[in-house]
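All remarks here apply to the structure that follows.
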Protein chains: 2
Amino acid sequence: MTATDPQGVPIDPRVEALVSDLIGRVADKWTMIVLEVLAAQGEMRFTVLGQHIPGISQKMLTRTLRAMERDGLLIRTIHPVIPPRVDYRLTDLGLSLGDAFCGVWRWAERNLTQIEAARHRFDSRP
Amino acid sequence: MTATDPQGVPIDPRVEALVSDLIGRVADKWTMIVLEVLAAQGEMRFTVLGQHIPGISQKMLTRTLRAMERDGLLIRTIHPVIPPRVDYRLTDLGLSLGDAFCGVWRWAERNLTQIEAARHRFDSRP
DNA sequence: GGTGCCTTCTTACCAAGGGTAAGCGGACGG
DNA sequence: CCGTCCGCTTACCCTTGGTAAGAAGGCACC
């Protein structure tokens, strides 16, 4: 899109496409939740992280964490002990993304009932 | 998760689950981009909207718009003319979500190069 | 009056992505 | 010697998304 940012400043289309891709990568349910949990709880190991995220599968947790590590959002520390212990901790970049998503969480909490009402209206109409 | 919000206030687990679901619904690439475009451009019709969102298919555009309408994020106005004309416009709720996502867009723009660098480091390592 | 076009969906079909569940590796407790 | 611990990984399947074609239906043109 030949978009403008919220201040009305025109954006280079090539940058625009890259940002869209990045948003596609990062605007993901699991990524957002991992971000939230790690921001609130600090360093955590794999299993505990999974326990704090109801509904996630091991596969998706692994995949999400790898992608986030690749993007530099978190650091994965392998402790060479038996049984294995792997800790995950947000980088400054990850923390800053967590802050950015914070507004979305607050929005979701604030508007939950309003959205449920809207859905109900939509579902029970001719 | 027995999470706390960013201010450290404990959250009811049931509310937590609902918020997670809502986030899963709303933290979607296409939803975010539609929100952005409509926030910047105001009312738009189907085809034009599609032209402003590179890479989206008609099917996903329809589906995304329906879901957003269901959630009360936008209003769909059908003008009974031939050929058909359908306009989409954000509600106040949709605009407020756009504001909330605004921080994420700015984050993405600001940290684009840093992320690309991180990816490159990750991909070219033993 | 047929032919074709316009726009907004919808649908049939296929590929890709996510869920489930089982296995692996390797020390240690019983 | 067998089970258990944890962090993955993999094989299989089902759901989801992309592609492309069509439907609806009045209008313009020949």
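Reckoned from all heavy atoms, side chains included, excluding hydrogens, waters and symmetry mates.
Phosphate contact (OP1/OP2 of C:dT8, side-chain N/O of B:R63, threshold under 4.0 Å): absent. Taking side-chain N and O atoms only, A:R45 has a distance below 4.0 Å to OP1 or OP2 of D:dG7. Phosphate proximity of D:dC8 to A:R85: absent, as no side-chain N or O sits under 4.0 Å from OP1 or OP2. The shortest distance between the side-chain N/O atoms of B:Y88 and the OP1/OP2 oxygens of C:dT8 is not below 4.0 Å.
The distance from atom CZ of A:R66 to atom P of D:dT10 is 11 Å, rounded to the nearest whole Å. The distance from atom CD of A:E69 to atom C1' of D:dG7 is 14 Å, rounded to the nearest whole Å. Rounded to whole Å, the distance from CD on B:Q58 to P on C:dC13 is 19 Å. Rounding to whole angstrom units, CE of residue A:M44 and P of D:dG7 are separated by 11 Å. Computed from coordinates, the A:M60 CE to C:dG19 P distance equals 5 Å when rounded to whole Å. Between A:K59 atom NZ and D:dT15 atom P the separation is 15 Å, expressed in whole Å. As a whole-Å value, the separation of B:L49 CG from C:dT7 P is 15 Å. Protein atom CG of A:L65 is 17 Å distant from nucleotide atom P of D:dC6, rounded to whole Å.
If B:V86 and B:I82 are placed on DNA chain C by their nearest nucleotide, the residue sitting closer to the 5' end is B:I82. Both A:P84 and A:D28 lie near DNA chain C, and the one whose nearest nucleotide falls closer to the 5' end is A:D28.
Counting heavy atoms from C-beta outward, A:R25 and A:T31 have side chains that approach closer than 4.5 Å. Contact check for B:L74 versus B:L35: no side-chain heavy atoms found under the 4.5 Å cut-off. Taking 4.5 Å as the limit, every side-chain heavy atom of B:R45 sits out of range of all side-chain heavy atoms of B:T77.
If you check D:dC5, C:dC9, C:dT7 against the side chain of B:R76, the one that comes closest is C:dC9. With distances taken from any side-chain atom of B:T62 to the nucleotides C:dG19, D:dC8, C:dC9, the minimum falls on C:dC9.
Note on ring orientation: taking the six-membered ring where Trp is involved, the planes of B:F46 and B:Y88 are tilted (angle from 30° to 60°).
A:V48 and A:L65 fall within the same hydrophobic cluster, where Ile, Leu, Val, Met, Phe, Trp and Tyr residues are linked whenever their side-chain heavy atoms come under 4.5 Å apart, directly or through other members.
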